[in-house]
Amino acid sequence: EPIAIVAVACRFPGAPDPDAYWELLSGAVDAIREIPDDRFDVDEYYDPDPEAPGKIYTRYGGFLDKIDGFDPEFFGISPREAVWMDPQQRLMLEIAWEGLERAGYSPASLRGSRTGVFVGVAANEYSQLLNANSVETIEAHFITGNALNVIAGRVAFALGLEGPAMAVDTACSASLVAVHQACQALHSGDCDMALAGGVNVLVSPASIVATSRARMLSADGRCKTFDAAANGYARSEGCGILVLKRLSDAEREGDQICAVIRGSAVNQDGASSGLTVPNGGAQQRLIAATLARAGVEGRDVDYLEAHGTGTSLGDPIEVQAAAAVYGAGRDSKRPLLIGSAKTNIGHLESAAGIAGLIKVVLSLQHEVLPQNLHFENPSPNIPW
């Protein structure tokens with residue numbers, strides 16, 4: 001059965017809510033900026049030489065405002081405990097609440113309901129900051145404040161939700177796999193409504209130093225997806241969720257229906273030329289499996305919101321895999337349109353997929369496809 005998206009909620013770089021996110025996308029806004037002072041002193045770590053040890057060769061990324069802003073008592077949490085809570089927990093609490101309100105539900109009314117919580121998350125940088133102090137200062141709240149599984153469990157506990165609650169870590173696909181797991185739980189009857197999405201927060205220089213050492217980042221902080229100048233991605237943060245129900249339930253109960261998920265599937269790249277290198281064949285097989293489940297022909301799909309990190313290796317593999325499946329039997333007068341939200345807000349890592357999915361939901365609602373930014377010259381590595 002199709003799954004209905006009955007609401008979306010988000011906080012992304014330059015966009016504190018879905019309306020602002022749509023204004024950013026439709027206005028072709030570049031939300032990348034210099035690393036803010038409330039994270040760390042960028043001048044201390046910046047060095048344009050990518051070979052410099054312990055340094056970062058970019059000053060840019062996608063960041064939220066007021067990452068330390070949180071009203072713990074609203075959620076029944078003491079200020080003392082809140083200090084030990086990963087900001088990703090705080091963000092997910094707020095966005096989950098907003099999502100339910102946008103769906104027309106009083107969160108308090110769902111206590112005891114079979115509502116699931118599925119959260120894509122891959123790292124906790126806040127614990128690195130807390131660990132920088134003496135271990136003698138650590139309080140018991142450190143455990144529940146920094147375990148990744150508690151990001152989902154905290155929402156379920158605060159709202160009294162009794163469906164499945166789980167954190168999903170599959171790296172950059174985590175939030176999309178969380179949506180897939182939520183759809184499966186709705187299909188199996190494990191829950192009657194689900195909150196599904198992802199979160200990512202950047203507060204430590206260590207991971208930016210590591211990605212700089214791996215030469216993964218773009219020095220100017222822009223994801224130049226599909227362009228000849230593609231040279232890496234910008235690291236970004238944010239949080240987004242979907243409120244999901246079985247379509248028949250949503251229709252019967254009079255919910256607004258923002259969009260419908262016809263099918264989903266998941267696999268792994270398996271053996272490729274490197275641990276972080278995609279496998280085009282595996283991607284083709286996954287797309288074909290998803291289309292089959294959805295009962296849709298590839299040639300009938302109008303638009304693909306791509307992963308599109310803006311790398312000279314990954315982009316061509318992804319586009320060629322898409323072309324092989326979506327291009328078969330296609331009318332040349334009706335080409336497949338592709339784009340990536342990363343060109344606006346950077347790579348949100350464990351929240352990247354949900355940022356792209358929410359972009360598509362908003363595009364359907366407004367009947368407009370936003371422009372793909374930083375596209376000047378088509379990549380010569382892609383056989384357009």
Side-chain angles (χ1 to χ4, degrees), residues 11 35-41 44-45 54 56 61 63-98 107 116-172 174-175 177-178 195-211 235-241 348-351 354:
R11 200 168 302 165
I35 298 168
D37 294 337
D38 63 1
R39 306 315 166 89
F40 55 86
D41 182 359
E44 180 182 345
Y45 290 93
I56 61 177
F63 294 90
L64 303 180
D65 292 323
K66 301 177 182 176
I67 199 70
D68 57 342
F70 180 63
D71 181 2
E73 291 167 340
F74 180 84
F75 295 100
I77 299 167
S78 72
R80 181 170 181 172
E81 181 175 3
V83 170
W84 293 91
M85 284 172 59
D86 177 2
Q88 295 178 130
Q89 286 190 25
R90 306 177 213 159
L91 260 178
M92 186 53 67
L93 275 171
E94 293 174 342
I95 299 305
W97 187 283
E98 288 179 24
V117 185
F118 302 81
V119 179
V121 60
N124 177 355
E125 297 190 359
Y126 191 63
S127 63
Q128 297 174 22
L129 303 186
L130 296 175
N131 283 328
N133 301 320
S134 169
V135 293
E136 295 177 0
T137 66
I138 289 179
E139 296 189 18
H141 292 311
F142 177 87
I143 301 171
T144 53
N146 292 275
L148 295 183
N149 56 75
V150 179
I151 295 176
R154 179 87 68 176
V155 173
F157 171 75
L159 304 183
L161 310 179
E162 296 185 6
M166 64 183 72
V168 177
D169 180 4
T170 57
C172 304
S175 58
V177 175
L195 301 171
V199 62
N200 191 47
V201 169
L202 308 174
V203 294
S204 167
S207 57
I208 306 180
V209 170
T211 46
R235 298 194 69 210
S236 299
E237 63 186 13
C239 179
I241 65 122
L348 274 67
E349 299 167 341
S350 52
I354 203 69

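Here the structure is a predicted model, which means the values were calculated and not measured.
- Salt-bridge check for R39 with E237: passed, with a basic side-chain N closer than 4.0 Å to an acidic carboxylate O.
- With a 4.5 Å cut-off on side-chain heavy atoms, V203 and L129 count as touching.
- The closest side-chain heavy-atom distance from F40 to I56 is below 4.5 Å.
- Annotation: side-chain contact (heavy atoms from CB on, under 4.5 Å) contacts of N131 (sequence neighbours excluded): S127, I138, F142.
- Among residues two or more places apart in sequence or in another chain, the ring pair (Phe, Tyr, Trp, His ring centres under 6.0 Å) test is passed with Y126 by none.
- The list of salt bridge (Lys or Arg N to Asp or Glu O under 4.0 Å) pairs with a residue in residues 119-129, not counting sequence neighbours, reads E125-R235.
- Between I354 and G198, the closest heavy-atom pair is CG2-N, 4.1 Å.
- Here the closest heavy-atom approach between residue P87 and residue V201 is recorded as CB-CG1, 4.2 Å.
- Ring geometry for F70 versus F75: interplanar angle under 30°, hence parallel rather than tilted (30 to 60°).
- Of the inter-residue distances, the one linking R11 atom CZ with I241 atom CD1 reads 11.5 Å to the nearest 0.5 angstrom.
- Residues V117 and L161 meet the side-chain proximity criterion, which asks for heavy atoms closer than 4.5 Å.
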L91 vs I67, test: side chain to side chain contact (heavy atoms under 4.5 Å, CB included). Steps then yes/no. CA-CA 8 Å; L91 260 178; I67 199 70; 4.2 Å; yes
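- Using a 4.5 Å cut-off on side-chain heavy atoms (C-beta onward), I208 and I35 make contact.
- With sequence neighbours excluded, no residue forms a salt bridge (charged side-chain N to carboxylate O under 4.0 Å, His left out) with D71.
- What you find for S204 and Q128 is that their closest heavy atoms are OG-OE1, 2.9 Å.
- If you take SG on C239 and CD on E98, they are separated by 9.0 Å, rounding to the nearest 0.5 Å.
- Between N149 and A167, the shortest heavy-atom contact is CA-CB, 3.9 Å.
- The side-chain heavy atoms of V119 and V199, taken from C-beta on, include a pair separated by under 4.5 Å.
- F118 is listed as a side-chain neighbour of P164, based on a closest heavy-atom distance under 4.5 Å.
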Would you give me the side-chain donor-acceptor pairs under 3.5 Å for residues 76-85, sequence neighbours excluded?
from : atom 1 : to   : atom 2 : distance (Å)
S78  : OG     : E81  : N      : 3.1
R80  : NE     : E139 : OE1    : 3.0
R80  : NE     : E139 : OE2    : 3.4
R80  : NH2    : E139 : OE1    : 3.3
R80  : NH2    : E139 : OE2    : 3.1
E81  : OE2    : R154 : NH1    : 3.0

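- Of all non-hydrogen atoms in G120 and A178, the two that sit nearest each other are N-CB, 3.8 Å.
- With sequence neighbours excluded, no residue forms a ring pair (Phe, Tyr, Trp, His ring centres under 6.0 Å) with F157.
- Atom CD of Q88 is separated from atom CD1 of I151 by 4.5 Å, given to the nearest 0.5 angstrom.
- Using modelled atom types and a 3.5 Å distance limit, the side chains of N146 and D86 yield no donor-acceptor pair.
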